[in-house]
2 protein chains.
Amino acid sequence: MPFTYEFPHPAVATDIAVFTLIAGDLSLLLIKRGGPPFEGSWALPGGFLAPDEDLDSCAHRELKEETGVDAELLFHFANFSAPDRDPRQRVVSIAYLALLRFDLITLKAGSDAADARWFPLASLPNLAFDHREIVDVAVRTLRERLGDLAILFALLPQSFTLTAMQDAYDAVAGAPIDKRNFRKVVFDAGLVEDTGELSRGRHRPARLYRRKQPS
Amino acid sequence: MPFTYEFPHPAVATDIAVFTLIAGDLSLLLIKRGGPPFEGSWALPGGFLAPDEDLDSCAHRELKEETGVDAELLFHFANFSAPDRDPRQRVVSIAYLALLRFDLITLKAGSDAADARWFPLASLPNLAFDHREIVDVAVRTLRERLGDLAILFALLPQSFTLTAMQDAYDAVAGAPIDKRNFRKVVFDAGLVEDTGELSRGRHRPARLYRRKQPS
DNA sequence: CCAAAAGTGTTAGTCCTACACCCATGG
DNA sequence: CCATGGGTGTAGGACTAACACTTTTGG
């Protein structure tokens, strides 16, 4: 069923940089393209805007189709619109950034995706289209927003140790922060509350905290 | 000449919130719509993305068509994409924010614009489409970015007094800042250099400064 | 000489950053 | 008992915000 317009319209798609934390490494979700162009290359998940949804809904829908979860944190951060960025047709890409817990997810290769995998940020493969540039901007944006420590909760389970929270911070920031300073900021900002539980591990047990809802 | 696609494509347009400073008031450029829908209403300038340009170029081009100048400061700040935001057809709006000196400009009513005017931010008329929301977000974004005082240069002539610069700050912030603190920040940041000239006015002459290019 | 705008420093409080040692547990 | 990670406080420097008077000019 064709759709006809008086002047040329670009296709509009959302592309999503989905980050998670795996074994201490900030990692990115990529799908392997199952068809041309760039067949066999890795690319960001995403897809075209449907007629009855806005861009935020499109990003949520595409992410859910790919991962089965509603992202806790998903926001727009940039547009990519070079006329020749897609060799098939004009596509304007609305880029989103998501953070989520990878352990909640069962990756589903979508219709046009041959495979889906997490890659540590430090060892990404070559990417299709201009997706490498999108990722670079996404990482920069993510680090800028790290001033708000609350974004870390998207990477953490319901209850967590402060060391786990700091490990998340270090992984996102790409550099370690001082332990006492980190704890002071978290407590002074009233971000967490003590669950009363303790973790059990090989060493001294740690207090478990949960996110404190801002009242 | 019709353009046909296999699935529906939205139209993509840039809308631009152009701010300037007039008699100490932060003011916004609006055009009066010359055709339906919202005929006779005021709206943001902007227009559709052309096939051979990216979104930044589109915003620059539309702004130049409307004002005759290249904006010193023009950047994307949000997208607006509710499916029914334009009653005629699906239009995704890529919103840009510009600052410029109104005295450099001769407003040109474009093809579909019946009129073009500056409105003080405090007394805007009702706006077409969702443009009121776009303006609200634009103002919020502008104030957030005011941490970088360099954006004020877009509102100032080549050489200016520090009082003029502070008046620009106060107008954008919507609240006055302490004079001594403002001057200290400007000097400590090395933003300006003394021209050696003095202003002449009704009262004590003031030193004239110019923007110091970051080296 | 008067009205109006230009110009100028200090202080208290807060925030940021660097820094080192003892504790509790499992093995 | 030892290896490992958990947990705690302080001090110096930087930055922020509040605050008032003198100077210069035109009229």
Side-chain angles (χ1 to χ4, degrees), chain A residues 21 23-25 143-150 152 155-157 159-212, chain B residues 21 23-25 143-150 152 155-157 159-212:
Chain A
L21 206 55
D25 287 324
R143 291 188 174 151
E144 279 168 10
R145 301 246 182 151
L146 195 47
D148 177 9
L149 295 181
L152 295 173
L155 297 172
L156 295 168
S159 77
F160 48 83
T161 65
L162 278 188
T163 299
M165 187 171 176
Q166 184 179 347
D167 288 347
Y169 181 97
D170 291 348
V172 173
I177 189 178
D178 178 85
K179 181 161 59 158
R180 281 172 289 191
N181 293 340
F182 179 78
R183 289 170 182 238
K184 185 173 0 171
V185 172
V186 170
F187 290 135
D188 289 356
L191 289 171
V192 298
E193 60 188 2
D194 197 331
T195 62
E197 314 268 302
L198 293 179
S199 73
R200 296 183 305 173
R202 278 185 299 286
H203 304 293
R204 173 174 172 179
R207 298 176 113 82
L208 287 168
Y209 294 86
R210 73 170 77 89
R211 174 175 204 171
K212 183 147 130 208
Chain B
L21 206 56
D25 287 323
R143 290 187 175 151
E144 280 168 10
R145 301 246 183 152
L146 196 46
D148 176 8
L149 296 181
L152 295 174
L155 297 172
L156 295 169
S159 76
F160 49 84
T161 66
L162 278 187
T163 299
M165 187 172 176
Q166 182 178 347
D167 288 346
Y169 181 98
D170 292 348
V172 174
I177 188 177
D178 178 85
K179 181 161 59 159
R180 280 173 289 190
N181 292 340
F182 179 78
R183 286 167 184 241
K184 185 169 3 167
V185 172
V186 170
F187 290 134
D188 289 357
L191 289 171
V192 299
E193 58 187 4
D194 197 330
T195 62
E197 314 268 303
L198 292 179
S199 73
R200 297 183 305 171
R202 277 185 300 287
H203 304 294
R204 174 174 173 179
R207 298 177 114 80
L208 287 168
Y209 294 87
R210 73 169 77 89
R211 173 174 205 172
K212 184 149 131 207

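Just so we're on the same page: letters track the sequence lines, and every chain starts at 1.
Listed pair B:Arg204 / D:dG26 fails the phosphate criterion, with no side-chain N or O lying under 4.0 Å from OP1 or OP2. When the side-chain nitrogen and oxygen atoms of A:Thr163 are compared with OP1 and OP2 of D:dG5, none of them lie within a distance under 4.0 Å.
For A:Arg202 against D:dT4, a side-chain-to-base donor-acceptor contact under 3.5 Å is absent.
With contacts defined as side-chain heavy-atom distances shorter than 4.5 Å, the pair B:Arg211/B:Leu191 does not qualify. In this structure, the side chains of A:Leu156 and A:Leu21 stay at 4.5 Å or more apart for every pair of heavy atoms. Proximity of B:Phe160 to B:Leu152: side-chain heavy atoms (C-beta onward) are nowhere separated by under 4.5 Å.
Looking at every heavy atom in both residues, B:Pro176 comes nearest to B:Asp170 through CA-OD1, 3.3 Å. When all heavy atoms of A:Gly24 and A:Ala171 are compared, the closest pair comes out as O-CB, 3.6 Å.
When rounded to the nearest whole Å, the span between CG of B:Leu198 and P of D:dT25 equals 8 Å. One can place CD of A:Gln166 at 12 Å from C1' of D:dG7, the figure rounded to the nearest angstrom. The nearest whole Å value for the distance from the NZ atom in B:Lys179 to the C1' atom in D:dA18 is 15 Å. To the nearest angstrom, P of D:dT4 lies 7 Å from NE2 of A:His203.
Judged purely by atom type and a 3.5 angstrom limit, B:Ser199 uses its side chain to pair as donor or acceptor with the backbone of B:Ala206. Remark: side-chain polar atoms of A:Gln166 are not paired, donor with acceptor, to backbone N or O of A:Phe182 under 3.5 angstrom.
Residue pairs that meet the side-chain hydrogen bond (donor to acceptor under 3.5 Å, both in side chains) test with at least one member in residues 186-196 of chain A, sequence neighbours left out, are A:Glu193-A:Arg210, A:Asp194-A:Arg207.
Here A:Arg200 lies out of heavy-atom contact (under 4.0 Å) with every strand. Among the heavy atoms of the strands, none lies under 4.0 Å from A:Thr161.
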inquiry  = Please evaluate residues B:Tyr209 and B:Thr161 with respect to the criterion side-chain contact (heavy atoms from CB on, under 4.5 Å), reporting the C-alpha separation (whole Å), side-chain torsions for both, the decisive distance (0.1 Å), and the verdict.
reply    = CA-CA 6 Å; B:Tyr209 294 87; B:Thr161 66; over 6 Å; no
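Taking a heavy-atom distance under 4.0 Å as the criterion, the stretch of DNA chain C touched by chain B extends 5' to 3' from C:dA4 to C:dT10.
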task = Between protein and nucleotides 9-17 of chain D, map the contacts as a letter string: B base, S sugar-phosphate only, - none, heavy atoms under 4.0 Å, written 5' to 3'.
result = BB------B
